[in-house]
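Taking it in order: structure first as structure tokens, then the write-up.
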Amino acid sequence: MTHSSVSQKYNLAVVSGGKPMLPRAHRDSTSCNKNISILTDDRKYFIVPFNNQIKIYSVETRQCTKTLKFSNNPLLARVFQDNKDVFVVNILLGDITATSHEEDRLITLVTNAGHIIVLNYKGKMVENPKVLQLNHSDVSKIFFDNDIKFLTTKTTSNSLQYYTFHSLRFQEDDKVTTTEEKSFENVILSSWSSNNKFISILLKENNEKHVIVYSISEQTVRFQFPLATINTSASFSNFVTSMAIDNTCTQLALGFASGVVTVTNLIDMKPRLLKWHIDAVLSLNFNADGTYLLSGGWEKVLSFWQLSTNLQHFLPRLNGVIIDIQVLENFYSLSLQMMENDSNSDYQLVLLNSADLISNLSIVGPLPVFNSIIQITNSQPYSSINSTSSINTSFKKQKRKLMRLKKKDFTTCIEINPVTKQLYIPHGSNLQTFDFYKNESVNLQYLTNSINTFMGKVKSELNIKDPKILNLKLSKDGTSLITYEIEFAPADLLSSDDIIHLLKFWQFNSNSDQWELVTKVLNPHGQNVPITNMIVSKDGCLTADNNGGIKYWVYDVKESNWCLKKILINNFNHFTNSVSMASSKDGSLLFHGFDDKLQIIDFETFRKLENTNVDDNDDDFVNEFTFDSEIQTIKLIGETSLLVATKATLNVIDLLLGKIINSFDIYPYVNGIYKNGNLERLITCDETNGKIAIVINKQSKDKATSFKSHVLVFNSNLSKKLGSFTHDEYIAWIGWNYDTDFIFLDIESRLGVIGTTVTNEIMLDESNKEGILDGLTTENDHADKNSYLEELRKLSIRKTNIMKGLKNDNEDVEEILDGETIQNSIHTKINMNSFTNMFDNLQNIEMETLFDSVLKTLS
Amino acid sequence: MPSISQPFAITTVPKQSSTSPIIVSSHSLTANSNSLDVAISKYAVSKFVINPTPKLINSIPIPSNEVVTAFHDTVFATATVNQKYTLHLNGKKVPIQSKIMKLFSDESQTITILENGTIEKYDSNLIKSTYKTPHKDLVNVEFIESKYALLISQNSISLYDINTMIELRNVANVQDIVDSDFKSLDGKLYQFNQKLSKFDIWEISSMTIVNIITIPFINDVEKDVVSFTVVDDNCVVMAVNSTIYALNLHLSSVISMSELLNLKWFKLIDNLSNQFVLGLSFNNENYKFELINLDLNSNFGLKDSLGKGFRNFLVDKQSEKETLVLKSLFSADEADEDLHNDSDSDVEHTFNYDKIIVDLNKAVKNPSKFDKIFFEKFNIKKEHYTEADRFLVNQDFLAKVIELILQNYKFDTDGNNYPKTLTYLLTHPLFPVSLTKNLLPKFRESPRLYKQAIVTCPNLPLGELLADLFTIENNELSLDISLRVLQDYTKDSIKEQIKLLPKVDIRNFIEFVTQDEDQQVSSQLFQLLSLIIDSIGLFALDMDILGRISNFINEKTLVAKQNSELLHLLDYNPSKQSSARQSSKLINNNNKSLHRKTLPTYTVEHLDL
């Protein structure tokens, strides 16, 4: 085959994805200021920390202009990747360690472990950034005014925190001196003003809650009073969920779990009540001049209170629960938590222009929903029905379960669009489209009918379970989407256990950039029968249930609807979730794994393949295989090899020989870890080149939450290992990008690629090049038998033109796109590889630089 | 399933022309044509009708010293031993200076390509144009849709546009042309070299090799009579001596195969797409021009190639000797210690099967020694299969051991005189399918093994299971068998199999199930009963049996009705101030005190429309 002339070597790189970091959003944190993203002084760039990189967004173009990837710099890799507990807690503009602050290209990162790192956010990243080390851990924030102060927060035994303010001085020889200034014990909640001058602290003293307002630069306590003095009415809960202080230290706002907000004028100590929220107020902040109060909570509505008139304005329909509001000069930066996902905390950062409230930036990483809850630190905002809320109890239950479980299944379901190569990530009741190559979320669309679609859920509404997308597939042409979702019945009813299964078929509307529903099938396999597996075949979609039934759906042009075309009645007498399917390349056969049996189904008759040839010896005929344990996944590799992964072994059947030709032991890594059928998410195959990639996740022996993973790449019959890679985190999903690469996602939402560096040996042999490429193109054209005649006709015309051209003094030779003539022409050769180098790190290049490089290549 | 018919003769061919060519005009090989134009060297150019029986309708004799070199429609070219070349054009004889390799003729013109590389065009009877190509000593020529031609010389292949006489492609230094046979179809050129038993498939438009396939089942590359013809894209019919193969070259599989026992050899000449092939047969006495019907599916998919790879047709099946080993995913140097949680990784997992079978053979008379060898060699700890034994994957070996035991031991009621290995093997999920046949009858006298086989042995033949189920009168065993049947087989296959069983057995079974009214009939047996009724149909049963079934089912429905009513009563019991759901929970665990919730303010009722 011609493919052999291209030699391939696989590499692993973690290049994309990641989550926006909200270092103070986790449960133990007592700070109301969660979001640490900053705006540059010229208001052109918004700098956002991710867990694997720092991203710089241009506010004007609304695009990410630069990424500072931790893995690309040895120093950052050492700080952030070698120790996973280190994260950025503060970003400051300029180099705070220098005496003069003129250079505007620099930013300073502060980590919780006390690193102070100075980086440039424009231009090429410096090889060796300046790093200083504070002799304090638990650093939380640096206040940068005339003097530099920093705050450390330590969690004490009663889950309250111990705050200490330190002053900080940088010396000439890059040494730092720190002196302790003031400390507060038993802090429940704190919030600093937008100008970083004041901090309000709620703390417990002698079993009473007190509010302290502290001026950081003056090191004085401005106000101190018990909470009861401003919270006059006893009917309100004493539970303060958020707090804010304005820039001039005259107004203090407290948000309570009941939904009430009190604004206290600190001079006359008169509180006033602002009532609108119906569940816990999760975020509060004053605008720059203190005329407006901004508040947000479970309603997914940002509320503006004009303090002079008591008028209220709203910005509704945000994507998530508002957990933090920061005022950055003319912009509001909101942190939204998407509550659809209870396995992981997903945050979206939104940058709003304060003048017109139009969203300038919306920043989100990939939003995978994992099979079980990822982090112990996974945080859910507080709701007033906290104690009885089923999501909270179920969360606690799950958390306990997570601790108990020795082996963990964190797999997730993602699909890649074969045409656009975008990742489709089901996220509860909505679907995220994420572009791996641009490293941006492209679209977030609700695919189900749920309250979440329109508004936030509050109080007892939190008990309503939203529909969930469990599986999705994309048609081979990338224009149709098939989703499988389940709808839950209301709780506490006889019918509560009735789950409605839905199969939906969508068509992409390129005008609106949205998926439009074409067909919706209620309970496609009957009442209460789940769809255990879905695959797309040549032009339709196959769904399988847990009893051996298979249905084949095709878009019918006449009906302009998706219709059921073929059906295999559920045939087995028992049920299993270990169901898998694969369809042969030519579509003539369907392979159906059910429990430990693999059946071969004739697609035409849609029944188990039968031996109709009477002369054939019965023994040689194979239509069924029995395996040692339940089949987890089957994949067809190339045309004739079938990969079968059971709970104990990974096998390859050569279909032409009718027997297993290679077999691997995966029992220690798989058994009891993955839910039935979920192993499928960790095995993928490159259908064009016949390569297999399999992920093996391993738990570290001494630490239950520490993982490591291996990715192994094999050739089509598993006889040769093409690559073996390790990754420092649990991989939740791997997929083939319909090209030559495999893309994976780990449980920190980071995306990586296992790709090939194509060394084109063909390029050396220019004279032969034309022919080989021709061969490649025509090879894919199996469909049309007469296409070769068309090829020949074109060839003939081309050659005739050349002959004519040669006669006419070589006039138009150069216009003819023919390999041989171009080769002979004196002009620089531009071929498909001329620009390859530029695309290697496209994300980090600014427009001008890109343009320069293009010109350079052309000249 | 694809098949190849036996040949039927169109005409006999005189003996002397055995080695000289027979050419079938391609213009008659079209889909609905009923006639066939054949030029037989030194004999005649004949026209036959094929249906209903081959019949000669027209014939032009050829002198016995003239060999046909090219033939199309009514035009043919001949050559004599003393290098006299003639073109027979519409009854006229035109002398030519070189041998005509191929010709093409239609109403407007005739195109001939000569051995010396000259392309000539004739307008009715007159020569219109001559074009000399640089290629000399052509060995083969292929026309492509009458517009292009492939000129194959000693070591190069060129593609010409016949209208413009422009060379479109030229590949020089092609290997092994001289010994090769060429055929083209659908934009591909198939080059077969008998000495190397190898197909090179060229993409004509680019003149590149897209596939190379070696045919492994030609025994004697020198002496075997091998010929082929291309019937479809990547589908080739090949004759090796008297065996006809239909090959899928894309997948390297034998779609169909037929042996023509009464012939010595069959030489393929041409074909009509994938409907029939034409060829010359020889049965040690006569030469016959014959036709073989093909029944091949129009799409040569994977379906027709399952289990039919070339390697399965090898004369000496070397592949059988390869033993399957369960390999470790990580090589020794890759396995990092701190994460490796495989406790038994230090145990050796590769076994010397050959040696073990020899040892077992020696110890076969002594069950305990036999067991000792078996269990120790494979490090088996328990008497039944566990995942720790997953490294024992060689089914051929398992088959050998089982055969060894079955041959050497008799299983009767009292005897425990057989190796424990057998009971172990019966629990192994990879118990070879081939040995499950007739296994149950062998164990019938030994209840222990019989039950073991039924409970754990995979892939027991359904027919035997059902036959036993319908004859057995033991409640416990019938339950086991029914479980096994339902677990292992689909409803369809059970129904199929029931149809094959004798009526009496079915009758007995129904009687058995319905006999005892007090006895609890398990749900499995009930399920089976419904399958039986489905498969044989209610009306095939006698009146009294029907009556019994009807009574039996009525009783069951009565019980079901009562139960459901009772449940309703409990559900809507007004004395309990709890939601319906809670009360139903209470039934299940009435010992536990549940904190009660008040009825929700609204309920959802499903309406059946």
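To find a chain, count down the sequence lines: A is the first, B the second, and so on, and within it residues start at 1. All values reported here derive from a predicted model rather than from experimental measurement.
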Inset, instruction - Quick one: which of A:Ser663, A:Ser629, A:Gly658, A:Ala648 has the most heavy-atom pairs under 4.5 Å with chain B, could you say? - result: A:Ser663
Legend entry - Check against side chain to side chain contact (heavy atoms under 4.5 Å, CB included), A:Gln599 and B:Thr490: CA-CA 11 Å; A:Gln599 294 199 332; B:Thr490 60; 4.0 Å; yes
Inset, instruction - Examine whether an atom of B:Asp492 lies under 4.5 Å from a heavy atom of chain A, and if so say whether it belongs to the side chain, the backbone or both; otherwise answer neither. - result: both
Inset, instruction - Would you indicate whether the side-chain heavy atoms of B:Leu306 and A:Leu656 approach each other to under 4.5 Å? - result: no
Inset, instruction - Find the distance between CG (A:Asn651) and CG (B:Leu326) and round it off to the nearest 0.5 Å. - result: 7.5 Å
Legend entry - Distance in Å, B:Leu168 CG paired with A:Ser796 OG, rounded so as to fall on 0.5 Å steps: 5.0 Å
Inset, instruction - For atom NZ of B:Lys147, decide whether the heavy atoms of other residues, nucleotides or ligands shown that lie under 6.0 angstrom number more than 12. - result: no
Legend entry - Part of A:Ile653 within contact of chain B (heavy atom distance under 4.5 Å): neither
Legend entry - Between CG on residue A:Leu792 and CG on residue B:Asp161, distance to nearest 0.5 Å: 9.0 Å
Legend entry - Pairs of heavy atoms under 4.5 Å with chain B: top-ranked of A:Phe603, A:Phe572, A:Phe627, A:Phe594: A:Phe572
Legend entry - chain A contact via B:Asn163 - side chain, backbone, both or neither, heavy atoms under 4.5 Å: neither
Inset, instruction - Look up atom OG in B:Ser493 and atom CG in A:Asn571, then write down how far apart they are to the nearest 0.5 Å. - result: 7.0 Å
Legend entry - Separation of A:Glu639 CD from B:Asn248 CG (nearest 0.5 Å): 8.5 Å
Legend entry - Region of A:Arg607 in contact with chain B, defined by heavy-atom distances below 4.5 Å: side chain
Inset, instruction - Look at the side chain of A:Lys721 and the backbone N and O of B:Leu329, then say whether any donor-acceptor pair between them is shorter than 3.5 Å. - result: yes
Inset, instruction - For the pair A:Asn573 (side chain) and B:Gln487 (backbone), establish whether a donor and an acceptor sit closer than 3.5 Å, ignoring hydrogens and angles. - result: no
Legend entry - Region of B:Ile166 that comes under 4.5 Å of a non-hydrogen atom in chain A: side chain
Legend entry - chain A contact via B:Leu486 - which portion, at a heavy-atom distance below 4.5 Å: both
Inset, instruction - Name the region of B:Tyr489, side chain, backbone, both or neither, that has any atom closer than 4.5 Å to a heavy atom of chain A. - result: backbone
Legend entry - Over all atoms of both residues, closest heavy-atom pair of A:Lys597 and B:Asn459: NZ-OD1, 4.1 Å
Legend entry - Winner by heavy-atom pair count (cut-off under 4.5 Å) against chain B, out of A:Thr626, A:Asp654, A:Thr640: A:Thr626
Legend entry - A:Thr649, A:Asp665, A:Asn662 screened by side-chain hydrogen bond (donor to acceptor under 3.5 Å, both in side chains) with B:Lys327, the one that passes: A:Asn662
Inset, instruction - Below 4.5 Å from any heavy atom of chain A, which atoms of B:Gln395 appear? Answer side chain, backbone, both or neither. - result: neither
Legend entry - Contacting region of A:Ile569 [heavy-atom separation from chain B under 4.5 Å]: neither
Legend entry - Euclidean distance, B:Ser328 OG relative to A:Ile666 CD1, rounded to 0.5 Å: 11.5 Å
